[in-house]
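First the proteins, then the strands, lettered A, B, ... as listed; each starts at 1.
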2 protein chains.
Amino acid sequence: MTTIRDVATAAGVSRATAARVLSSPELVAEKTRARVLEVVERLGYSRNSVAASLRTTRTGRIVVTVPDISNPFFSRVIRGVEEAAQEAGYAVLLGDTRNDRDREEQYAEMLNRREADGIIFLGHRLPTTLARILDRDGSRAPIVNGCEFTPSLGVSSAHIDNAGAAREVMESLYTMGHRDIALVLGPPDSPLTRDRLIGAQRAAEDHGLIGRLIAESGDFSVESGRRAANVLLSLDRPPTAIFCFSDEMAIGTLAAARSAQISCPEALSVVGFDDIQMARYVDPPLTTVRQPMADIGRKTVELLLDILHGRQAGPVSATLPHRLIIRQSVGLGPFGRPGAPA
Amino acid sequence: MTTIRDVATAAGVSRATAARVLSSPELVAEKTRARVLEVVERLGYSRNSVAASLRTTRTGRIVVTVPDISNPFFSRVIRGVEEAAQEAGYAVLLGDTRNDRDREEQYAEMLNRREADGIIFLGHRLPTTLARILDRDGSRAPIVNGCEFTPSLGVSSAHIDNAGAAREVMESLYTMGHRDIALVLGPPDSPLTRDRLIGAQRAAEDHGLIGRLIAESGDFSVESGRRAANVLLSLDRPPTAIFCFSDEMAIGTLAAARSAQISCPEALSVVGFDDIQMARYVDPPLTTVRQPMADIGRKTVELLLDILHGRQAGPVSATLPHRLIIRQSVGLGPFGRPGAPA
DNA sequence: TTGTACGCGTTATCAC
DNA sequence: GTGATAACGCGTACAA
């Protein structure tokens with residue numbers, strides 16, 4: 001491999017000059033610069049980033065961990081992350097943690113080994129390795145959280161207003177004349193579940209219907225949605241609307257209803273969450289809450305770069321806009337007036 | 001940050017010994033080892049991987065490029081890649097190229113800058129940077145291709161038998177009594193399109209029906225599938241079966257049929273390709289070709305490691321098993337006998 | 001504007 | 001079994 005030394009020799013300048021041509025070209029005379037560049041080209045020189053990193057203590061990499069990269073929600077977020085990182089000159093080290101603590105720790109360790117300049121973790125558990133770093137460096141620690149927000153973590157985060165969104169969904173369901181509504185939650189320990197549940201309950205209370213709000217737990221997957229729906233639909237007094245905390249669970253609910261010959265939206269209304277690509281292609285197209293997935297990803301990168309470049313410290317919480325997308329999976333409930341908004 | 005030097009000093013040994021405790025503990029006396037380890041623990045020492053890489057010329061990273069990480073097919077492959085890499089002690093640098101030549105080159109350049117030990121590219125275009133490396137190092141170049149296979153590239157690759165799979169699909173459609181079959185292809189320059197088209201045509205020829213085989217082009221996306229289907233379904237003599245070269249296009253086709261009030265599978269049979277997760281949840285569940293996505297990902301990593309560890313050179317082509325998954329989107333065609341396999 | 005010289009933190013090769 | 005010490009390739013303060 002050709003080094004800066006080879007370039008310098010071939011161009012008849014010192015290593016310093018050759019190096020300068022590549023890092024601060026303006027400091028070097030037009031003519032020498034041209035000569036050096038010509039040699040760089042001819043020899044096919046490429047800077048050894050490892051050596052450069054050792055010198056500068058910057059790697060130009062960030063690690064990003066996700067519970068499941070093949071989940072359509074996360075893969076969109078990751079895409080936003082990759083794009084923003086790439087634009088800023090950073091490379092992305094991808095970690096699929098499968099919600100496994102050990103894997104999470106392993107990726108967090110990369111920070112200690114200086115394999116990356118910062119880390120974005122998508123998930124709600126703060127690895128102890130990161131907690132220690134946070135402890136030591138406080139708000140200047142290059143750690144950012146995405147999608148879920150737990151203020152007590154003390155790290156910056158990008159997310160939507162989950163409670164608000166859930167509340168809107170409930171409001172719209174009540175407006176459509178539904179009274180017996182069921183929730184299909186995510187895992188109980190997820191802040192996502194917590195926030196959305198709070199929002200939904202608040203709406204139910206506002207309408208004096210908290211007593212008729214029921215819930216089943218899932219894990220955001222299609223199968224868990226199907227299972228939960230099967231339970232709910234075989235109740236003595238089944239709900240007329242099911243609000244799932246993920247589109248995948250909503251799709252599972254649709255499948256369960258189909259199997260049970262319950263037609264949607266005539267006999268059962270279904271609402272999802274996220275607005276993944278498939279939401280609009282299932283039958284009936286799914287009413288859901290659109291999360292700006294790519295933007296969430298991009299924003300986490302921005303927050304991290306703010307810390308990395310010393311622009312901004314303190315944990316900042318970025319709330320991005322969501323939007324209720326009305327499609328055809330919601331119909332009028334028993335108390336709906338035909339004139340009500342479809 | 002604490003360095004090996006600090007550890008050595010605190011433990012009262014030389015840097016060499018301290019370092020040895022971490023890389024070849026068996027060479028160090030029990031007592032000194034324990035002492036050093038205690039200090040490592042107490043000081044919270046973590047090896048600086050950058051310095052280590054500079055010395056060893058190995059980074060422990062591989063770069064993986066995909067056209068679109070949010071595509072359900074690729075995200076599964078990537079998951080397999082991540083898993084296998086992780087197990088082997090490698091980290092994954094993710095590159096989303098969006099089929100953009102410049103981006104592809106940019107990620108390929110990482111090899112020259114020694115940001116990674118090897119590269120896996122999912123896609124069919126060999127970046128010129130890689131071509132140069134291949135030119136120089138021949139079969140020992142740490143470059144592997146996945147999903148698509150073009151022998152002339154001269155790189156190892158993991159994939160299924162695309163032509164064979166397409167042929168099977170056609171055979172099964174003919175057996176079900178279909179004669180007017182339409183293909184929805186991928187981009188014309190893709191080897192995937194080429195191979196599957198060859199397989200489909202071969203089957204048509206075998207049945208003397210090549211004259212009745214028609215085709216439309218798509219780009220593997222849902223929308224392109226819908227567009228293609230709209231064209232096909234408004235033909236004077238529309239096909240009774242549409243074989244799409246991706247599940248997403250098949251889902252688009254299902255949507256087009258629904259809009260046109262053409263019921264599937266009664267009036268139109270649809271077949272997809274890949275068996276992405278959603279394939280079984282759309283209505284009707286999609287008959288498709290299952291690709292072992294995660295295994296393809298894992299295999300590309302194995303192939304790369306073979307090269308990296310000098311176990312195997314020469315371009316090897318790994319053909320993984322696929323399987324035709326029969327679900328409900330295919331029904332009997334005009335020439336089908338009721339007794340035929342459903 | 002250019003060159004000299006040092007150090008980044010490891011690992012590996014020698015001696016002892 | 002342990003210790004000196006020389007690379008690895010680069011960036012940059014400082015001197016010229």
Please convert DNA chain D into dot-bracket. A pair counts if it is Watson-Crick or G-U wobble with both distances under 3.5 Å; crossing pairs go in [ ] and bases paired with another strand get |.
||||||||||||||||

Could you list where the contact with chain A starts and ends along DNA chain D, reading 5' to 3', using a 4.0 Å heavy-atom cut-off?
dG9(D) to dA13(D)

Kindly list each side-chain donor-acceptor pair under 3.5 angstrom involving residues 136-145 of chain A, sequence neighbours excluded, with atom names and distances?
residue   : atom : partner   : partner atom : Å
Asn145(A) : ND2  : Phe121(A) : O            : 2.8
Asn145(A) : ND2  : Gly123(A) : O            : 2.9

If the threshold is 4.0 Å, N to carboxylate O, is there a salt bridge linking Glu104(B) and Arg125(B)?
yes

At a heavy-atom distance below 4.0 Å, what parts of residues 20-39 of chain A sit against DNA chain C?
Arg20(A), Leu27(A), Val28(A), Ala29(A), Thr32(A)

side-chain hydrogen bond (donor to acceptor under 3.5 Å, both in side chains) with Ser70(A): which residues, sequence neighbours excluded?
Asp68(A)

Under-4.0 Å salt bridge between Arg42(A) and Glu38(A):
yes

For dT4(C), take OP1 and OP2 only and decide whether either is under 4.0 Å from a side-chain N or O of Ser14(A).
no

Over 12 foreign heavy atoms within 6.0 Å of CZ, Arg113(A):
yes

Strictly distance-based, threshold 3.5 Å: is any side-chain N or O of Ser14(A) a donor or acceptor partner for the main-chain N or O of Thr17(A)?
yes

Ion pair present between Arg79(A) and Glu82(A), side-chain N to carboxylate O less than 4.0 angstrom?
no

In short, Ala116(A) meets Leu93(A) closest at the heavy-atom pair CB-CD1, 4.2 Å

Full working for side-chain contact (heavy atoms from CB on, under 4.5 Å) between Leu122(B) and Ile120(B)
CA-CA 7 Å; Leu122(B) 272 22; Ile120(B) 293 171; 3.6 Å; yes

Ion pair check, Glu115(B) and Arg61(B), cut-off under 4.0 Å:
no

In whole Å, what is the span from the CZ atom of Arg114(A) to the P atom of dC8(C)?
13 Å

Closest to the 5' end of DNA chain D, once Thr17(A) and Thr17(B) are matched to their nearest nucleotides, is Thr17(B)

For DNA chain C, which residues in residues 45-61 of chain A have a heavy atom at a distance below 4.0 Å?
Leu54(A), Arg55(A)

Counting only heavy atoms not in Arg101(A), do more than 12 sit closer than 6.0 Å to its CZ atom?
no

Does Glu87(A), at its CD atom, have more than 12 non-hydrogen atoms belonging to other residues, nucleotides or ligands within less than 6.0 Å?
yes

Is there a donor-acceptor contact under 3.5 Å from the side chain of Thr9(A) to the main chain of Arg5(A)?
yes

